[in-house]
Novice: 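Have a look at the structure that comes next, please.
Given the structure is predicted, the values throughout are model-derived calculations rather than measurements. Each residue takes its place number in the sequence, starting with 1.
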Amino acid sequence: MNPTISDIDSTTEEEREEIDGDRDGTGTGTVTDGGGGAAAGVVHRSSANSRRRDAVEQPGPAEGRARTATVCVVGLGYVGLPLAVGFSRANYQVLGYDIDEAKVEALRDGVDTTGDVGDDAVRDEDIAYTTDADVIGEADYVVITVPTPIDDTDRPRLDFVESAGRTVGANMAPGTTVVLESTVYPGATRDVLVPALEESSELDAGKDFFVAYSPERATPADDEHTLENVVKVVGAADNAVREHVATLYESVVDAGVYHAPSIEVAEACKVVENAQRDLNIALVNELAMAFDRMDIDTQAVLEAASTKWNFHDYRPGLVGGHCIPVDPYFLAHRASQEGYDPELLLASRAVNEAMPEHVAKQTFKALNQCDKTLRRSDVLVLGLAYKPDVADIRSSKAAAVVEELREFDVNVTGYDPLADDDAVRSVFDIEVQDELSFEGFDAVVLATAHSAFDDLEPEEMAEELADEPALVDVAGAFERDAVTDAGIAYRGV
């Protein structure tokens with residue numbers, strides 16, 4: 001039977017203690033890495049629900065006690081792996097579960113599969129990486145960090161959450177607290193995750209197990225905003241659960257924990273954070289397209305406007321990745337279910353989705369300005385990842401720029417110092433340079449401004465480029481005068 005919201009919210013601290021009251025001891029369980037795989041959508045049921053788990057101490061206020069609670073992180077991507085490392089560094093017993101056997105083998109070999117925490121952290125931390133779902137039954141806390149993309153019609157896909165819920169439910173022991181970190185629309189934890197957990201576990205949420213939501217705020221390739229120094233938001237079905245989960249996160253997050261009044265508030269705050277960024281970027285992107293028609297330098301306008309104390313400094317560019325271009329659709333989907341269509345959110349999405357075409361048009365204009373014939377032009381696209389200083393090419397809008405250029409038979413070559421060349425060839429279907437060379441190119445498009453490009457000098461580029469070359473500076477990384485003084489036609493976005 002699926003619980004109602006009131007069923008979950010009515011759980012009292014006393015009721016929780018009846019289930020959780022035997023956890024004042026210090027016993028721990030032994031966890032071994034399993035070799036069996038678990039496919040997405042397949043429930044791997046263990047005997048966890050029929051056995052009494054060894055008593056373990058719950059994490060409490062910082063009072064110097066040893067931490068013997070076991071945390072299982074489900075999904076070891078760019079969110080889950082840093083989280084597992086963080087819990088391990090805080091001296092919890094940590095289990096890392098993923099269905100990807102190749103990833104788990106790499107992690108066991110000490111290889112950071114995300115490029116974010118470092119091989120040393122993967123190798124040195126005491127984390128049991130496994131594809132065996134049985135280990136979930138040993139955990140006191142299970143944290144789910146699976147992907148939540150959108151489909152081809154911009155509707156949220158929560159099948160990974162539902163699948164993870166079924167696997168966790170089939171293997172967790174009574175008394176377990178399940179925390180969802182994946183981005184979802186408000187209400188999805190109760191409406192999607194909880195039913196999956198209940199159906200596969202045959203347990204009741206709020207009575208036999210507990211649920212909370214804490215939105216991930218991971219920022220790949222950002223050494224300043226890490227797990228430890230970004231405030232964590234926690235929402236739960238009742239105050240007792242929220243306090244337990246908040247205390248757990250407080251032990252690994254130095255910046256502190258914000259106690260959201262409900263699961264829905266915590267879910268909504270994540271999508272709003274990225275929807276706000278999407279909207280602000282859409283404003284400057286729309287300004288860039290408008291100023292281009294007026295033959296006004298957008299960067300110069302923004303520099304002038306930024307002299308006012310309360311001006312928000314956003315710059316035009318491509319909006320790719322797994323968060324900003326996705327999260328507004330989660331909110332729009334949920335709002336439409338209530339009969340409201342958020343026009344501003346969707347308009348912002350439309351503007352930002354139009355930027356690859358605008359960049360391509362700027363490239364065409366630059367080539368025409370230099371008296372180049374499109375179908376005989378060679379263009380080098382620098383930076384193919386979705387954001388600076390990451391290797392991830394998934395959801396990169398540079399791919400859309402390349403597609404637009406090739407529609408007009410422009411010969412495109414790519415170079416990215418971080419991305420895997422074979423993956424780029426497969427996804428972009430273009431020639432890829434192993435080492436950077438400007439030799440003979442008619443134009444260069446700087447799509448993603450990796451720090452490796454900081455030392456590029458226009459004069460040195462001009463020596464290798466074809467006669468009358470052009471630069472399309474999507475990222476606004478070059479000084480216009482330095483480029484034009486080197487004899488390269490300059491266009492921003």
Side-chain angles (χ1 to χ4, degrees), residues 8 11 16 20 56 58-59 67 69-77 79-88 90 92-98 135-148 158 160-169 171-184 186-194 196-198 201 203 205-206 208-218 227 230-253 257-270:
I8 299 175
T11 307
R16 177 178 172 84
D20 212 25
V56 295
Q58 291 297 309
R67 297 187 179 112
T70 299
V71 179
C72 179
V73 178
V74 175
L76 298 173
V79 175
L81 184 59
L83 199 60
V85 169
F87 282 126
S88 178
Y92 291 102
Q93 300 175 75
V94 180
L95 312 170
Y97 170 75
D98 200 290
V135 302
I136 294 171
E138 303 295 337
D140 304 288
Y141 293 92
V142 178
V143 184
I144 298 175
T145 64
V146 294
T148 50
L158 299 185
F160 294 111
V161 171
E162 187 174 3
S163 174
R166 290 197 300 268
T167 299
V168 170
N171 292 278
M172 70 182 181
T176 301
T177 297
V178 181
V179 184
L180 179 62
E181 286 213 5
S182 306
T183 301
V184 294
T189 301
R190 299 181 193 266
D191 296 342
V192 177
L193 178 62
V194 168
L197 291 166
E198 285 198 312
S201 69
L203 300 173
D208 304 319
F209 69 92
F210 310 96
V211 178
Y213 182 81
S214 181
E216 58 91 357
R217 283 176 164 172
L227 172 67
V230 175
V231 173
K232 205 82 172 73
V233 175
V234 171
D238 64 69
N239 291 337
V241 176
R242 184 180 61 193
E243 293 305 314
H244 271 273
V245 175
T247 300
L248 175 74
Y249 280 116
E250 283 168 354
S251 62
V252 297
V253 178
V257 174
Y258 179 84
H259 297 225
S262 69
I263 286 177
E264 286 76 14
V265 168
E267 291 168 323
C269 86
K270 174 57 191 291

Novice: With a 3.5 Å distance limit and no angle check, can you tell me whether S88 reaches the backbone of A84 through a side-chain donor-acceptor pair?
Specialist: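 Flag not set: sc S88 to bb A84 has no pair under 3.5 Å.
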
Novice: State which residues pass side-chain hydrogen bond (donor to acceptor under 3.5 Å, both in side chains) with S182; sequence neighbours excluded, sorted by chain then number.
Specialist: none

Novice: When rounded to the nearest 0.5 angstrom, what is the spacing between CD in E243 and CG in L248?
Specialist: 12.5 Å

Novice: Among residues at least two apart in sequence or on other chains, which ones pass salt bridge (charged side-chain N to carboxylate O under 4.0 Å, His left out) with E162?
Specialist: R166

Novice: Is any side-chain heavy atom of P174 closer than 4.5 Å to one of F209?
Specialist: no

Novice: Between T145 and G75, is there a donor-acceptor pair closer than 3.5 Å when you use the side chain of the first and the backbone of the second?
Specialist: yes

Novice: Give, for atom CD1 of I136 and atom OG1 of T176, the distance between the pair rounded to the nearest 0.5 Å.
Specialist: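 The CD1 atom of I136 sits 9.5 Å away from the OG1 atom of T176.
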
Novice: Going from OH on Y92 to OG1 on T70, what distance comes out if it is rounded to the nearest 0.5 angstrom?
Specialist: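 Atom-to-atom, Y92:OH and T70:OG1 are 11.0 Å apart.
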
Novice: Roughly how far, to the nearest 0.5 Å, is the SG atom of C72 from the CD1 atom of I144?
Specialist: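 If we round to the nearest 0.5 Å, I144:CD1 and C72:SG are 9.5 Å apart.
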
Novice: Give a yes or no on whether the backbone of A69 and the side-chain of D140 come within a donor-acceptor separation of less than 3.5 Å.
Specialist: no

Novice: What I'd like to find out is whether the side chain of M172 reaches to under 4.5 Å of the side chain of S201, using heavy atoms alone.
Specialist: yes

Novice: Do side-chain atoms of E267 reach the backbone of T183 as a donor and acceptor pair under 3.5 angstrom?
Specialist: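 No, because the side chain of E267 does not come within donor-acceptor range (under 3.5 Å) of the backbone of T183.
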
Novice: I need the D238 CG to H244 NE2 distance, nearest 0.5 Å.
Specialist: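 Interatomic distance, D238 CG to H244 NE2, rounded to 0.5 Å: 9.5 Å.
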
Novice: Checking side chain to side chain contact (heavy atoms under 4.5 Å, CB included) between V245 and each of V211, T177, V143, which is the one that passes?
Specialist: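 Of the listed options, the one satisfying the test is T177.
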
Novice: Could you tell me which residues satisfy side-chain contact (heavy atoms from CB on, under 4.5 Å) with V257, sequence neighbours excluded, listed by chain and number?
Specialist: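 Result, side-chain contact (heavy atoms from CB on, under 4.5 Å) vs V257: K232, V234, A246, Y249, E250, H259.
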
Novice: Look up atom OH in Y97 and atom OG1 in T167, then write down how far apart they are to the nearest 0.5 Å.
Specialist: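 Between atom OH of Y97 and atom OG1 of T167 there are 5.0 Å.
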
Novice: Backbone N or O of G137 within a donor-acceptor pair of the N171 side chain at under 3.5 Å?
Specialist: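 A pair under 3.5 Å: no.
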
